[in-house]
K.L.:
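Quick one: this structure, given as structure tokens, is what I'll be asking you about.
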Amino acid sequence: MQKNNLIFIITLLTISAVAYYFHFKSQNSAQYEVRVLALNKTFFRPSSNRLVVKGYLGESVITWNNNDEVRIEKSPCPNQNCVRMGSCKNIPLICVPNGIIINPTVQNFDAVTGQ
Amino acid sequence: MKKIIITTLILLTSLVLYLHDYNNKPISESRLMMDTVITVKAWPPNAQSAINEAFKVFHEIEEALSFHIESSELSALNTNFQATRTIHLDNITDLSLKYYKITEGYFDPSFAIVNKLYGFYGNIPSQLPDKELIKDTINEFAGLTKVLSFDKDYAHLKHGAKIDFGGIAGGYAINLAARAMVNAGCHTFLIDDAGDIKVMGTKPDKSEWTIAVLNPIEKSFLATAKLPSAMCISTSGNYERFVEINGIKYGHIMNPLTGFPAEDFVSVSVIAETPEEADILSTALFAMPKESAYKIAEELSLAALFLTADKKVVLSKKGNDFFLLNTTK
């Protein structure tokens, strides 16, 4: 085999190996992410850590703290159960009256029961 | 020429691997239905169409069995005390009557009439009902076998009684949704109706189905449950649905013997072969006094996990096979 061909093959294999390494690494690392669903729209955590979303009844204010905990700070719902839940991490928060779902990607688990 | 062949081979291999990976990714969808959030997660093939079929089933069950939708079959029964027998009404009443007997009345959809006295349905402001009123109401209107009857065409409810299938409708809907998904050609999925969960099939990475059980007091994980394919788990608790009266929270699951909210447990999780069984039995065990709940769990050979009001964690014998307690704080 010519030297040039050998270098060519090694280069290709190296590029492939590096690409696959990062691809599988990104797949296997359980990235923590919170999705907020409101009126069939999906929202993510903004850099300001404060998200205002419109639901069936009006606007809900969702905030994150430095520990990645999320809470519903304000809600137009009558019973305020969602607000009383306080700050949570890894646990879904739901406001049924205003139609807000805060769904975290739960690391290492397929689902959570008892929320 | 060699270079071209090698490059093509590598690119083709990459493409095949990428497509294989792409085809193994699940699709997940959450919707607010049946007064809660329902999440369906499915793996190819036919994941999206199967998810759509599952949500169709949930919609159908909600339309038929909702306590709150005025046009539902259940509302007809609760309002007119008579409703035409339909497949869903027949199925759910059959199941309810079966488990009403098995749990010796601790699972009782007719107890809605007592919940109503507390203001759980928003019909009146939340209030602590008079003890005599609770007693009289139980004597007159509670007890599924006492208030529900059938003739050839109709289901009949005793005048003044109310039924709420909230403790079973979720499980029933999950079962039908799972069948719909299999019929749609999807064989690996998870259906989660507010913590009533059914898993099916083997995930592409062959990893076990792992469900976290929440500790609602500490907002941490109490345990993890490893579920084999086609198994179900459900957790009942009084921490989410409650009324607050004079600063005290009263949960929605009642002890049918006393008419007061059950208070021996914070949560009860049950693993079973059907979602209905898991749903009903977690509710029934929660409603029982501790000793009765432990006894019934062993008699029925249930995999159960109890978090008691005094923060003790108790596993049934079979529970040891499925639950792994979280020992980290």
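Convention: sequence-line order gives letters A, B, ...; per-chain numbering from 1.
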K.L.:
Where on B:Leu190 is there a heavy atom nearer than 4.5 Å to chain A: the side chain, the backbone, both, or neither?
P.N.:
side chain
K.L.:
More than 12 non-hydrogen atoms from neighbouring residues, nucleotides or ligands closer than 6.0 Å to NZ on B:Lys203, yes or no?
P.N.:
yes
K.L.:
Given that the side chain runs from C-beta out, which part of B:Thr39 has a heavy atom under 4.5 Å from chain A: side chain, backbone, both or neither?
P.N.:
side chain
K.L.:
What's the shortest heavy-atom distance between B:Ile197 and A:Thr113, and which atoms?
P.N.:
CD1-CB, 4.0 Å
K.L.:
Taking atom CZ of A:Arg35 as the centre, report whether more than 12 heavy atoms of other residues, nucleotides or ligands fall under 6.0 Å from it.
P.N.:
no
K.L.:
Can you tell me how far CG of A:Leu37 sits from CD of B:Glu29, rounded to the nearest 0.5 angstrom?
P.N.:
9.5 Å
K.L.:
In this structure, are over 12 heavy atoms from other groups packed under 6.0 Å from A:Arg84 atom CZ?
P.N.:
yes
K.L.:
Quick check on A:Ser87 against chain B: is it the side chain, the backbone, both or neither that has a heavy atom closer than 4.5 Å?
P.N.:
backbone
K.L.:
Verify the neighbour count for atom CG of B:Asn246: are there more than 12 heavy atoms of other residues, nucleotides or ligands below 6.0 Å?
P.N.:
no
K.L.:
Check whether more than 12 heavy atoms from other residues, nucleotides or ligands sit under 6.0 Å from atom NZ of B:Lys226, and answer yes or no.
P.N.:
yes
K.L.:
Enter the distance from B:Thr36:OG1 to A:Ile94:CD1 here, rounded to the nearest 0.5 Å.
P.N.:
5.0 Å
K.L.:
Would you say that more than 12 heavy atoms from the other residues, nucleotides or ligands in this model lie under 6.0 Å from the CD of B:Glu273, or not?
P.N.:
no
K.L.:
Quick check for you: to the nearest 0.5 Å, what is the distance between A:Phe109 atom CZ and B:Thr224 atom OG1?
P.N.:
6.0 Å
K.L.:
Return yes when atom NE2 of B:His59 has more than 12 non-hydrogen atoms of other residues, nucleotides or ligands closer than 6.0 Å, and no otherwise.
P.N.:
no
K.L.:
Measure the spacing between CG of A:Asp110 and OG of B:Ser28 and express it to the nearest 0.5 Å.
P.N.:
11.0 Å
K.L.:
With rounding to the nearest 0.5 Å, note down the distance linking CG in A:Asn103 to OG in B:Ser30.
P.N.:
4.5 Å
K.L.:
Tell me the closest heavy-atom pair linking B:Asp192 and A:Ala111, and the distance in Å.
P.N.:
OD2-CB, 4.0 Å
